[in-house]
Amino acid sequence: MVEKALKGSLKYWLWLLFLVTIVVIAFFAWQYEHHYGAGVATGLHRDLTWGFQIGQLAFFVGVAASAVPVVLSYYLHNYKEFAKLTILAEFMAVGAVMIAMLSVFVVMGQPTRVFNVLLYPTPNSLIFWDLVVLSTYLFLNILCGWAVLHSYYKEAPYPSWLKFFIYWAIIWGPSIHIVTAFLLQGLPGRHYWLTAIMAARFLASAFSAGPALLIILAILVKKLTKFDVGEKALQTVAKIVIYAFIINLLLFAFEFFTAFYSGIHSHMAPFIYLFAGYEGHAEWVPFSWISMILAAIGLVLLLVPYTRKRETTLVLACFAVFFSVWIEKGVLLMVGGFTPNVFETVTPYFPALPEVLIQAGVWAIGFLVITILYKITVEVFKSKELAVKLKK
Amino acid sequence: MSIKRRDFLKIVGYGIAGSIISLGGGFIVGRGSEILAMIDKQGEKKGVKWAMAIDTRAFKSEEDFEAVIKACHQAHNVPNIPDKNREVKWIWVDTFERAFPTAETEFISEEVKRRKFLLLCNHCDNPPCVRVCPVQATFKREDGIVMQDMHRCIGCKFCMAACPYGSRNYNFYPPREYLASMNPEFPTRTLGVVEKCIFCYHRLDEGKMPYCVEASQGKMFFGNLNDPESEVRKVISENIVIVRKPELSTKPKVFYII
């Protein structure tokens with residue numbers, strides 16, 4: 001099937017070239033960081049050592065698990081509408097897990113030593129467990145997506161041994177959020193993170209932002225290639241998005257209540273910094289409000305059946321949900337966790353250009369993988385449909 | 001509805017097996033307090049547990065602090081980085097509000113509020129940094145010293161997120177370019193690794209005091225917390241002492257005499 005990715009239109013190749021160019025630029029930015037130091041290449045500092053790149057781990061882990069509700073409905077509840085979408089969801093998960101893992105890899109100060117994590121396995125460190133759950137989830141999604149597509153290609157039912165791996169992947173999906181949330185929520189003295197509902201928030205935001213991206217990609221694929229996953233499938237996913245998103249917003253509101261009703265200063269301080277500014281620093285206040293406004297837009301557009309059912313407004317709503325969560329979880333979660341710092345003062349953080357370029361390269365690798373896997377999927381389905389037509 | 005003999009025996013079998021398992025489980029759980037006591041006793045093993053006490057009343061002038069900091073930083077090849085947000089420091093000076101942010105400060109004596117405090121790694125008895133390190137590059141020795149292996153560290157900076165005291169340093173800049181002089185007795189570091197105070201374990205092994213304690217000329221005390229006769233235990237018990245953020249249960253072993 002791989003050969004299907006080697007033949008494509010000029011547009012396809014130009015898109016791949018564009019992504020590869022970004023990866024090359026990112027590689028040089030990464031080299032720059034490791035030659036001159038993170039001091040000039042990133043906005044990180046003593047008081048904020050995990051910036052928006054680790055935020056991308058948190059966010060794209062969520063995007064990856066968007067496959068779970070789709071795969072679960074298809075295989076466990078036999079929801080046939082999701083037949084085509086399931087493969088797209090699994091392959092999107094592959095790209096997203098790669099983005100998540102690479103986002104961590106590129107921030108390592110000593111990348112050549114990274115295999116020390118396997119050489120000295122340390123079960124009390126959650127980074128070790130994160131590596132285990134993420135790489136397993138990556139493997140499971142490649143295996144399941146590829147095997148199902150291949151059986152379709154060979155016009156045979158998928159092998160029975162695959163069932164085991166499909167169920168495994170469904171059970172495994174939530175673990176990648178839970179473990180990633182545990183990275184943050186178990187640290188003493190980081191008040192914004194020290195909350196038991198962090199893992200629950202990770203699940204809720206994942207099942208809203210991830211499927212939102214899936215809807216956008218599925219509609220994009222339909223526009224570009226005529227590969228249609230079906231209107232009904234997309235509407236069902238839209239409903240998953242709205243339920244998960246409401247839960248996500250509610251959980252965030254609960255955090256507000258606990259912080260402000262208890263009146264404990266250190267718990268309120270990160271919220272004050274993010275939403276109003278703290279001790280004369282208000283660097284991220286506009287972003288917090290943009291995230292909230294996008295959330296409101298997405299919520300309204302998805303709740304009203306008229307706008308949910310029209311493609312343009314559905315895509316708009318999905319973009320609003322996706323970027324609302326991206327700002328909140330991909331950027332502000334890190335900023336709020338480290339600000340105010342351990343001395344209860346503010347050391348502002350803003351990503352530096354090389355840092356953003358490196359991350360752009362990581363995104364590009366993820367989307368390169370998704371593009372190629374989607375291309376193969378679309379071509380396989382096209383060739384089968386053509387064969388059916390010719391037989392007639 | 002009748003039940004087959006075979007099924008009945010099966011159910012009885014499951015019942016017996018289940019009872020045995022829960023009996024065993026209950027026995028272990030019920031012995032919880034005994035097991036905890038055993039673990040506690042192990043912790044109380046009369047070994048060495050190093051601790052430090054800093055007499056904040058005795059530090060009066062800038063020079064008092066500088067002598068201490070210089071002794072440590074020169075001996076350990078700590079680079080002098082001008083970027084204050086990204087510098088490397090093993091021991092440094094800060095204000096009362098920043099050192100003890102959770103303490104109530106509004107109405108305390110002006111003299112104490114104006115005092116400066118030496119900050120360094122607390123060598124916690126319950127260190128969060130050790131818990132989170134994925135490669136055991138930071139670990140706790142039997143004598144309680146929290147160590148940092150700069151040659152195993154992968155630079156993930158998780159320990160810096162975990163440390164509630166801001167005591168850990170990441171090499172944001174190539175450290176060797178910022179060394180005025182170099183002590184060949186101690187290794188220099190590379191870009192992208194974490195480092196911090198190591199309680200001068202190398203000097204303790206030789207029977208000497210840490211550099212900072214030596215340079216403080218009696219303003220800092222160091223010794224074995226498990227030995228009731230040690231100087232550090234005496235000054236802690238005879239004075240009013242505080243530690244940084246005790247509410248986090250990290251059990252710091254650097255005490256401040258107020």
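Because only heavy atoms are used, hydrogens play no part in the values below, and waters and symmetry mates are left out as well, while side chains stay in. The sequence lines fix the lettering, A, B, ..., with proteins before strands; numbering per chain opens at 1. Note that the structure is predicted; figures quoted are calculated from it, not measured.
- Heavy-atom distances place the backbone of His35(A), and not its side chain, under 4.5 Å from chain B.
- Geometrically, Arg152(B) engages Tyr120(A) in a cation-pi contact defined by less than 6.0 Å to the ring centre and at most 45° from the axis.
- Ring planes of Phe256(A) and Phe260(A): parallel class, angle under 30° (limits at 30 and 60°).
- For a residue to count as touching a neighbouring chain, one of its non-hydrogen atoms must lie under 4.5 Å from one of that chain's; by this rule Arg168(B) touches chain A with the backbone only.
- A donor-acceptor contact under 3.5 angstrom links the side chains of Gln359(A) and Gln53(A), judged on distance only.
- Val88(B) touches chain A through its backbone: at least one of N, CA, C or O sits under 4.5 Å from a heavy atom, while the side chain does not.
- Neither the backbone nor the side chain of Glu247(B) comes within contact range of chain A; no heavy atom of the residue lies under 4.5 Å from a heavy atom of that chain.
- Neither the backbone nor the side chain of Pro123(A) has a heavy atom closer than 4.5 Å to any heavy atom of chain B.
- Looking at every heavy atom in both residues, Leu191(B) comes nearest to Asn171(B) through CD1-O, 3.7 Å.
- Contact of Cys133(B) with chain A is made through the backbone alone, with heavy-atom distances under 4.5 Å.
- Trp30(A) contributes a side-chain N or O that, together with a main-chain N or O of Val106(A), makes up a donor-acceptor pair within less than 3.5 Å.
- Proximity to chain A is limited to the backbone of Tyr165(B), based on heavy atoms less than 4.5 angstrom apart.
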